[in-house]
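The figures that follow rest on heavy atoms only: side chains count, while hydrogens, waters and symmetry mates do not.
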Amino acid sequence: SGQYPCSGIDLLSYMPLSTFGQSEANDIWGWTDPEGGNEIALVALREGTAFVDVTTPSAPVVLGKMMGNGAPSSWRDIKVFRDTAYVGSEANGHGMQIFDLKTLRPFYGQDSRGPSIHLFEPTNIYTEFGSSHNIVLNEATGYLYAVGSTTCSAGPHMVELNTDPLNPQFVGCIAADGYTHDAECVVYTGPDTEFQGHEICFAYNENTLTIWDVRDHLAPEMLSRETYDNVYYTHQGWLTEDQTHLFLDDELDESNGPTPNTRTLIWDVRSLR
């Protein structure tokens, strides 16, 4: 693939950021249109969000972009629930942009790029918080958790999407452990029988793994809060499919730690407490 050796994978296309009139991007998400099956890449840019039809991987089509709400930012995050995209940013006062992805359908096949790129407007803006670092979504329950926001002591700001995805409703805060950098929230099916069927959030809180039971969003319960040797910045993690173990990464261990190598820490989470 160009200058990169590869085995079992091939580069089908490449789209530089200049395609969107940008020089920086920081994240990407996706949506598959249930009507027709178009695959859409949602690209988080410094100044907004680009929508690219990648149904034919060798010939991606730029559908347009949505400008951010406020100043440019190096931090933008996107998640999708059903047919709606939710976009947060660390730009002051940005809130959470809400975009009905079905709006893209009339633009399929119409390539739009460069200075004449088509501009989409957000369908709605959620204003219960200003800036946020990350958007965490539990698709199984329809609850969204904005983390690192200007509310909830920068812990998860909980929002319900099921009733009306285009008009999210605030349902509660997780504030007792301060800033949350990232999280994974799941319907628990692991071996700890006390919590099976509960919604559990595994939060990565700069210096700890903190586990919350959020079955009652008005009264979240902290189940455990654990740190580890040579902690520098607890960044993110993910559960195994059987929810018995968890992989966690520290953002700064390779630059601040005793060796130049990063680590993935493997946690036994069979007992949530």
Side-chain angles (χ1 to χ4, degrees), residues 27-32 42 44 77-82 86 88 132-149 152 154-162 171-217 219-254 261-273:
D27 205 357
I28 193 166
W29 204 248
W31 173 62
T32 300
L42 313 176
D77 197 59
I78 309 169
K79 294 295 184 294
V80 171
F81 179 66
R82 296 177 185 162
Y86 303 88
S132 63
H133 180 72
N134 205 348
I135 299 292
V136 178
L137 174 67
N138 186 350
E139 292 184 63
T141 62
Y143 282 91
L144 179 148
Y145 304 82
V147 298
S149 80
C152 303
H157 175 116
M158 298 182 282
V159 174
E160 188 266 332
L161 306 178
N162 276 301
V171 293
C173 274
I174 300 177
D177 194 32
Y179 183 91
T180 297
H181 186 76
D182 201 355
E184 180 186 11
C185 298
V186 301
V187 176
Y188 184 71
T189 58
D192 196 333
T193 56
E194 181 181 358
F195 302 104
Q196 288 174 351
H198 293 206
E199 187 167 13
I200 304 295
C201 289
F202 298 82
Y204 306 98
N205 280 26
E206 297 189 295
N207 58 2
T208 64
L209 164 65
T210 305
I211 302 176
W212 295 90
D213 184 343
V214 294
R215 179 175 59 167
D216 182 353
H217 292 89
E221 178 188 358
M222 184 190 293
L223 303 182
S224 58
R225 181 179 185 274
E226 298 289 342
T227 189
Y228 50 92
D229 292 340
N230 295 318
V231 58
Y232 297 101
Y233 197 96
T234 309
H235 190 268
Q236 94 287 340
W238 205 253
L239 286 167
T240 57
E241 289 191 11
D242 62 5
Q243 298 184 355
T244 61
H245 291 76
L246 177 148
F247 302 100
L248 180 152
D249 289 303
D250 189 298
E251 183 176 20
L252 301 178
D253 56 355
E254 72 275 17
N261 296 328
T262 190
R263 305 163 293 168
T264 293
L265 303 173
I266 304 171
W267 297 69
D268 183 339
V269 291
R270 287 175 293 183
S271 171
L272 297 182
R273 292 194 188 275

Check: What closest approach, in Å, do E184 and Y204 show between heavy atoms, and which atom pair accounts for it?
Finding: N-CE1, 4.2 Å

Check: Taking all atoms of both residues into account, what is the closest heavy-atom pair of N230 and R263, and its distance?
Finding: O-NH2, 2.9 Å

Checklist line | Partners meeting side-chain hydrogen bond (donor to acceptor under 3.5 Å, both in side chains) with W31 (sequence neighbours left out) | finding: D83

Item checked: Heavy-atom side-chain contact between V171 and Y143 under 4.5 Å -> yes

Next item on the list: Sorted by first residue and then second, give each salt bridge (charged side-chain N to carboxylate O under 4.0 Å, His left out) pair with at least one member in residues 219-230; sequence neighbours left out.
Entry: D177-R225, E221-R273

Note to self: Minimum heavy-atom separation for T262 and D250, please, with both atom names.
What the structure shows: OG1-O, 4.0 Å

Note to self: For I135, is there any backbone N or O sitting under 3.5 Å from a side-chain donor or acceptor partner on D77?
What the structure shows: yes

Checklist line | Any donor-acceptor N or O pair under 3.5 Å, side chains Y233, E206 | finding: yes

Notebook entry, point to check: Taking all atoms of both residues into account, what is the closest heavy-atom pair of A146 and S132, and its distance?
Noted result: CB-CB, 4.4 Å

Checklist line | CG-CH2 distance between D249 and W238, expressed to the nearest 0.5 angstrom | finding: 13.0 Å

Margin query: Tell me whether the count of non-hydrogen atoms from other residues, nucleotides or ligands lying under 6.0 Å of CZ in R270 goes above 12.
Written below: no

Notebook entry, point to check: To the nearest 0.5 Å, how far apart are OG in S224 and CG in D213?
Noted result: 11.0 Å

Check: Within a strict 4.5 Å, meaning less than it, do heavy atoms of the H217 and Y145 side chains meet?
Finding: yes

Next item on the list: Measure the acute angle between the ring planes of H235 and H181, then classify it against the limits of 30° and 60° as parallel, tilted or perpendicular.
Entry: tilted

Notebook entry, point to check: Between atom CG of L272 and atom CG of D192, what is the distance when rounded to the nearest 0.5 Å?
Noted result: 4.5 Å

Item checked: Distance, nearest 0.5 Å, that separates SG of C185 from CE of M158 -> 9.0 Å

Notebook entry, point to check: Do D182 side-chain atoms and G237 backbone N/O form a donor-acceptor pair below 3.5 Å?
Noted result: no

Next item on the list: Could you tell me which non-hydrogen atom of G172 sits nearest to which non-hydrogen atom of C152, and how far apart they are?
Entry: O-SG, 4.4 Å

Note to self: For a side chain to side chain contact (heavy atoms under 4.5 Å, CB included) check, start with the C-alpha distance between T210 and I174, then their side-chain angles and the critical distance, and finish with the verdict.
What the structure shows: CA-CA 11 Å; T210 305; I174 300 177; over 6 Å; no

Margin query: Quick one: does any side-chain atom of N138 pair with a main-chain N or O of E199 as donor and acceptor, under 3.5 Å?
Written below: no

Checklist line | T240: partners by side-chain hydrogen bond (donor to acceptor under 3.5 Å, both in side chains), with sequence neighbours left out | finding: D242

Check: Can W267 and L209 be said to form a side chain to side chain contact (heavy atoms under 4.5 Å, CB included), step by step?
Finding: CA-CA 10 Å; W267 297 69; L209 164 65; 3.7 Å; yes

Next item on the list: Show your reasoning for whether side chain to side chain contact (heavy atoms under 4.5 Å, CB included) applies to N261 and E254.
Entry: CA-CA 5 Å; N261 296 328; E254 72 275 17; 6.0 Å; no

Margin query: Within this structure, what is the CG-CD1 distance for the pair N205 and I211, rounded to the nearest 0.5 Å?
Written below: 11.0 Å

Next item on the list: Would you sort out whether F195 and L223 count as a side chain to side chain contact (heavy atoms under 4.5 Å, CB included), showing the intermediate values?
Entry: CA-CA 10 Å; F195 302 104; L223 303 182; 3.7 Å; yes

Next item on the list: Of all the heavy-atom pairs spanning V136 and A183, show the shortest one and how long it is.
Entry: CG1-O, 3.4 Å

Margin query: I'd like to check Y86 versus I78 (side-chain heavy atoms, cut-off strictly below 4.5 Å). Are they in contact?
Written below: no

Note to self: Just verifying a value: how many Å separate T141 OG1 and N162 CG, rounded to the nearest 0.5 Å?
What the structure shows: 7.0 Å

Checklist line | T234 and N207 side chains, donor-acceptor separation under 3.5 Å | finding: no

